[in-house]
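A quick write-up on the structure given underneath.
Because the structure is a prediction, the values reported are computed rather than measured. For the numbers below, each heavy atom of this structure counts, side chains included, while hydrogens, waters and symmetry mates do not.
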Amino acid sequence: MSANASYLQRPDPDLPICVERTVLVWLPLAFLWLCAPWGFTTLCKKPAKAQLSKLYICKQVVAGLLLLTAIAELALTLAEDYGPSSDSTAQKHPAALYTNPVLFAVSWVVVMLCQECVRRRPRSVDSGSLFVFWLLQVLCAVFQFQTLLRDALNKEEIDDLPRFCLFYISYGLQLIALVLSAIADVSPEVKIISQTNPEAKATFLSRITFSWFNSMLIKGFKRPLVQEDMWDLNEKDSTQTICREFEDIMAKELKKAHSSLQKKQNKRKTKNDHQSGLAKGVSQDVLVMEEMGKKKEKKKKKKKDSESDYPNSWLVRTIAKTFKGVLLETALYKLIQDLLAFASPQFLKLMISFTQDKTSHAWTGYLYAVLLLVVAFLQSVILQQYSHRCLILGMKVHVALMAAVYKKVHLKESTAGEIVNLISADAQRFNEVTNFLHLLWSYPLQIALAIAFLWIELGPSVLAGVLVMVLMVPINGWLATKSRGFQVENMKFKDTRMKIVNDILNGIKVLKYYAWESSFEAQVQEIREKELKVMRKFAYLSSVSTFIFSCAPAIVSLVTFAVFVSVSPDNILDAEKAFTSISLFNILRLPLAMLPELISIMVQTTVSKKRLKKFLSGDDLDTMAVTRDDSHSAAVSMTDGTYAWERDTEPVLKNVSLDIKPGRLVAVVGAVGSGKTSLISALLGELHSLRGRINIKGSVAYVPQQAWIQNTTLKDNILFGSNLDEEHYLSVVDACALGPDLDLLPGRDQTEIGEKGINLSGGQKQRVSLARAVYSSADVYLLDDPLSAVDSHVGKHLFERVIGPKGLLKDKTRILVTHGISFLPYVDEIIVLVNGVVFEVGSYDGLRASKGAFSEFLETYGKDKSNNAYARKASAQESDYEQIDTLLEGLEPQADDSPEDIVSSTLKRENSLRHSQRHSKRNGSVRVRKNSSVRFKKDSGDKKGQRLIEKEAMETGRVKFSVYLQYMRSMGWCFVTWSFLFYFIQNVAIIAHIRDMRIGVFGALGLAQGFLVFFGTILIADGSISASRTLHTNLLSNILKAPMVFFDTTPSGRIVNRFAKDIFTVDEMIPMSFRSWILCILGVLGTLFVICLATPIFTAVVVPMAVVYYFVQRFYVPTSRQLRRLDSVSRSPIYSHFGETISGLSVIRAYGHQQRFLKQNEDTIDQNLKSVYPWFVSNRSALVLYIKLFFFFPTLFAVISRDSLNSGLVGLSISYALSVTQILNWLVRMTSELETNIVAMERVREYAEIKNEAPWITSNLRYRPELELIFHGITCDIASTEKIGIVGRTGAGKSSLTNCLFRIIEASEGRILIDGIDISTLGLHDLRSRLAIIPQDPVLFSGTLRMNLDPFEKSSDEEIWTVLELAHLKDYVRGLPTGLQHEVSEGGENLSVGQRQLLCLARALLRKSRILILDEATAAVDLETDDLIQNTIRTEFSHCTVLTIAHRLNTILDSSRVMVLDFGKIVEFDSPSVLLNNKQRHFYAMAKDAGIRGGETSTAKNMST
């Protein structure tokens, strides 16, 4: 050993020959042999068709040559020892000269095989393990390289020429091999892939440094990135791949979990049966006493049961099994990284002892400096890989869960709110938790190692410090539990707030009509205040834990050192011990502070885990409820069916039996709420079957009561995923009367339809929905009242051309739910439903003759099959049914009549051409004018107005400084300055703290520092809460003041996103990153200051490095920031698609298109991942490696100037340099995170500065500026208490007239006077609160019934009961268990459409207004309810001015005057009798269409009085 030592104890050290020839040779080879078996697996498989590339051939040639050198060396040794010329007496060569060539020869063969494996592996470009092997090989051979050279130079001759030559030849070849192994061997296939995804051809080196990403960084630096710049995903990261794996495993795990749950339940059942058997003998009085106890027990039991009704513990197992590869890989990286973290303090210790020991050779110092750099470099590379993989794992888990939730949505009923929460909050939480997963074992490991090393330094006195730390854990734990409680509370408030915001957006039109915005604003603000209160508590708690976190290291090191010094006088605390210990304590600091937080994060995740488990393992709809047996004779048969909406609710259909022959048209009639829609739902398999069977022969097409329209082109809405058959398509469009609509839509059938069909009128939506069904060419058609939303003559046209005995569907089986009596004579069979029971079945004549319920129904409304009856019903109800519910279901405000309606009036005109021969010439001229204007519109670039929904605006470039300023302004400058001051003083305290070796001062400064941080944090918390309050208030009040056009053109998903995601960021993320950023900046400055104090020479390096650092940072950040923005923008469509799917589930299921929607969902998520994945990479920049240099220089300078430095300063500057690399790393992340998060602030600001509803502007009245005018100079006078009827074809501008009265649309020229006051001079609320309206769509809000009638609580209960009585709802409300406090569900889903309409009537009655507007108010109700409403209006509003917009002409025959609108002009305005007697008039033509004859006005009047 001493011989070996002598090699090192000299200024120019060297290694002994034996080490060079054994250890250093075997080390790389051992690595190769360990790695080789992994590669060989591909040799056994069938080889992929890979061609031989030039690079591959070169690699194999080099390996072959190396094999020859090894063989030559072996031959040489053998020849020298045993050859003919050998000397038998001479000493034989040492064994190493035999073993090494053999080992090398075998290894080169292994290398050749490995290279072949790489070639066969599909899509691989190089091998990481081979590169590392060559690198090790070259580095280890360097020692032999210089030994041979030195000897030759010293002796000036070469002893062993052949071996000398062989060594240098093979060394050269190894260098060549190293270079070759670093080059990518790109196959043609990979070349193609790499054009859209450069990662595919990245080499090992490029992958560990992420340099393949540079092209994106350069592009992002030159100009803001857009979605088109995003690269394709790796196949393994695509949604489809992730989901396929996840779902397969999930299915298996769920099956296991279900069976174990079944066993558990059976056990519980037997146990319960046993107990109940015993309990029967207990005497009566004991039972009475036990009653109270039982109630409590029940509550407990209920809770327990609800937790165990669904399978448990399968979700985590599924995730673990699906991603086990990545999990193991990340665990390995984490382990290596943790171990390397402990190497730095050891080197620090060696460095300090080096500076203290002036006799040691200079090279040892340099060696330590280089080793420190290498360790730091390795540590950072491994940390980068670890973080990157963790983020990707998180992303994959999130995607898998999102897709699983989406798939589950197709299988069960669920509400939009619940789903959005599951994908945005719960799945996101799993995404975050995967980043912390490994810390659960890594932290305890770090703590154990740190304590072990500290024991070596300080002996048992470490235990004192450890004790302090252990004492802090429960405090931290308590804080974590408390703050978790606050978080849960906070989530509740958030949910409630979001629910109301959703409601507001859905019913924004109604809010504006009723001038109720302020009431709802107050509701939201009240909840927001509670939310902020909880947030403040939470912030205070976290500042306490921050205080503990920043004091901990000081207190712990203080206690430890104090004990160490006082235990024995021999214990001297020198620089070496102190700094090594402090750097170990610093390692300890993070795990100890984070462990409790980790635990709390885990607990939060368990809440999400429960919700996801419950949802994903819930029962699916019974797919077997409807069988598809084609051998049946009947097309649709139901036997003895009893069905309910939920498992445990009252059945809505009882004992229904039907048999419908193929090709028949069957009508289903009955009063509102008699179960007509339920019958259709049962046939679709949407209801829970309590008893009975259903069979349907062939495929099904379904037209729901509320048309479900997708946000895509009109054509795609009709094709609905089927292939285009041009001829069939055109005939369908024609039969559904869509032809003329197309001529007038800006882009014909390529026009984009807004969310929920916002730019189509009700009638158009219904016709598109019908066209979709007809185009699908199914066998059985289920039509849920499709004719109620269209004009009478359009209804007639649809019945004749599509549904009726001569229509397109004449050979198909059709089940038609209808209110239209006029169609009944033409159907094959009529089913009469009463309260969910089939009351009668038969033909029209048969049922009339039987004098049952049906003939009574006809007696009441039919008056024979006179034309009057036809008019009553078939003049059906425009634009109603479906608007009501689509509004409710989704998140979208609704345009009430759309610009295109004006247009579709032409369609009506074309359709009624056959009636128009009688019209005057003037009408002809109108037609000409219309045609010419259409042609003109087409020429002038017919794309105008084609896109309704603008692309979401996205800021680009640097976040404007004004945004930061605005945030600080909303925080309050005093908070900002004070907190900054506190943080600054704290930094000064740290510097003083480290310099002073006296224990008392040391401790005091440590504590002072903690308090300063505490105050700073509390101030920032207060400031950020005031900022949150200001920003949310501005956003909310401004959104409520936005004009209607904003809601028509902005998908509500975007607005919801502002209130959910962006406000969340403002509340929670920005304050955190703001605080960390201030701490980082000050930390870095403080640290650099200390290093410069310790080693002044460092100042020379700091400045240029800081400049370079700044520019490198500027180069990275734009890309990272823009990717983050792209992520936000591409996330909205995921939510929109989810929402759209939920509202159209029954349609998607009926057509069996689930797979197509699942695919579409995958594509939408992939679009989002395309910007998420590069964002992960952009955070792993080479900056980190650059930062390591920061840390190399102080160590280097410490070695250079060790004579002038004392060891304390060296320790100081190095331990600080160690920490600065972390802080700088952190600073880079914080800066980009702050920029990223402040984007949310930017987005909130964008919507908080929308132009408000205006004073009247001077532009003609339009829907949106670029569309045609709606009104063309209307002039009329309406006297007090007049009853005016307003009629006109669809889109003549009837609803727009109401919008003008309410100033939803501002007029452009002229004015509207009410009681002589120009309404444009009134405040909007003054005006709107004095008008009453019963709108087209009966919108209700979630809350109590009372709140829905009187949100400001101005009326007494008596008044409310009175109006309920007048609205014929008193009995219904009395019957509810909670009466007026009855909770209305989201959008009023738990009331029927008719009941909602009656509630709107009650609202109007409660207003006691002198002007009432009825906008198609009775379209959605059956004839009986219609009568009730009409009578109430006649009696209660007799003293008011009433404007009625109607399609059923006879509802307005008793008006004082009728206004006929056409193309936004008044064409006629007179009393009904005058208009009916003039055969040249529009009104006469309309009445004739509806079958009302001139003499009937009087009868109508008599009827009404």
Side-chain angles (χ1 to χ4, degrees), residues 338 341-346 348-349 352 439 442-480 544-599 986 989-990 992-1011 1013-1014 1208 1211-1212 1214-1216 1218-1219 1222:
D338 282 352
F342 284 97
S344 298
Q346 299 311 311
L348 173 65
K349 184 177 168 182
I352 295 174
L439 302 182
S442 155
Y443 279 167
L445 174 75
Q446 287 182 35
I447 293 172
L449 282 172
I451 291 173
F453 279 118
L454 278 165
W455 187 286
I456 298 169
E457 289 300 321
L458 305 172
S461 37
V462 168
L463 295 176
V466 172
L467 185 69
V468 176
M469 288 186 163
V470 171
L471 286 176
M472 284 179 178
V473 170
I475 301 176
N476 265 335
W478 177 80
L479 287 172
V544 173
S545 50
T546 312
F547 166 64
I548 292 176
F549 178 54
S550 48
C551 286
I555 296 171
V556 171
S557 39
L558 172 73
V559 172
T560 313
F561 292 157
V563 171
F564 177 71
V565 175
S566 53
V567 168
S568 120
D570 306 341
N571 288 352
I572 291 173
L573 191 62
D574 55 6
E576 188 182 326
K577 270 197 174 19
F579 284 113
T580 313
S581 309
I582 286 178
S583 62
L584 283 165
F585 277 128
N586 276 338
I587 291 182
L588 256 184
R589 171 177 167 174
L590 191 69
L592 279 168
M594 286 297 291
L595 258 183
E597 203 161 313
L598 257 188
I599 294 162
Q986 175 250 342
I990 291 190
H993 168 186
I994 296 278
R995 296 294 306 265
D996 204 306
M997 295 305 284
R998 282 168 315 206
I999 284 183
V1001 183
F1002 182 84
L1005 283 169
L1007 276 174
Q1009 173 195 338
F1011 276 109
V1013 170
F1014 176 60
L1212 181 70
I1214 294 175
S1215 63
Y1216 253 41
L1218 270 176
S1219 72
Q1222 273 175 333

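In this structure, T560 and S581 have side chains that are not in contact, with every pair of non-hydrogen atoms separated by 4.5 Å or more. Two residues are said to be in side-chain contact when any heavy atoms from C-beta on lie closer than 4.5 Å; L463 and W455 meet this criterion. At least one side-chain heavy atom of L479 sits less than 4.5 Å from a side-chain heavy atom of V544.
Within 6.0 Å of CZ on F342 lie more than 12 heavy atoms contributed by other residues, nucleotides or ligands.
Between F1014 and F547, the ring planes lie tilted relative to each other; the angle falls in the 30° to 60° range.
Within the model, atoms CD1 of I456 and CD1 of I451 stand 12.5 Å from one another, a figure rounded to the nearest 0.5 Å.
Annotation for A450 and L584: closest pair CB-O, 4.3 Å, computed over non-hydrogen atoms. Counting all heavy atoms, side chain and backbone alike, S461 lies closest to V563 at CB-CG1, 3.5 Å. Taking all atoms of both residues into account, the shortest heavy-atom contact from F453 to Q346 is CD2-NE2, 3.3 Å.
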